[in-house]
Amino acid sequence: MKKSFSRLLESNWFITLTATLIGVFGAMFLSEWVSERNLNDQKKLASINILKEIEANQENLVASIKDHEELRAIMNFL
């Protein structure tokens, strides 16, 4: 039994199969890691852009309210 197991470990196809499986699983792990990292970067960028848009909308709203108040004052004067 030990002799056949040692012969199995010494055979070229077993070494090739083992190396191939390790390579494939390693590549899958790295691919998943890179995808997760890119997704996290995209989330951060999207959050920053959303916050900037909210701030810009708030500024536009304040300016619009000011303009409407001025127009209301003019209409009340007339």
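Note that the coordinates shown come from a computational prediction; the quantities given were computed from them, not determined experimentally.
More than 12 heavy atoms of other shown residues, nucleotides or ligands fall within 6.0 angstrom of atom CD in E70.
In this structure, F29 is not a member of the same hydrophobic cluster as L39, with clusters built from ILVMFWY side-chain heavy atoms closer than 4.5 Å. In the hydrophobic clustering of this structure, M28 groups with L21; members are Ile, Leu, Val, Met, Phe, Trp, Tyr whose side-chain heavy atoms approach within less than 4.5 Å, directly or through other members. The hydrophobic clustering, which links ILVMFWY residues whose side-chain heavy atoms are closer than 4.5 Å, places I22 and L30 apart.
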Could you walk me through whether L61 and N57 satisfy the side chain to side chain contact (heavy atoms under 4.5 Å, CB included) test, starting with their C-alpha distance in whole Å, then the side-chain angles of each, then the deciding distance to 0.1 Å, before giving a yes or no? CA-CA 6 Å; L61 184 59; N57 288 343; over 6 Å; no
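Without hydrogens or angle criteria, S35 side chain to S31 main chain gives a donor-acceptor distance under 3.5 Å.
Here the CD atom belonging to E59 is positioned 12.5 Å from the CD1 atom belonging to I54, to the nearest 0.5 angstrom. E53 contributes atom CD, which lies 10.5 Å from atom CG of L51 (distance to the nearest 0.5 angstrom). If you take CG on N60 and CD1 on I65, they are separated by 11.0 Å, rounding to the nearest 0.5 Å.
Among residue pairs with one or both ends in residues 38-51, none qualify as side-chain hydrogen bond (donor to acceptor under 3.5 Å, both in side chains); sequence neighbours excluded.
Through ILVMFWY side-chain contacts below 4.5 Å, M75 is grouped with nothing and stands alone.
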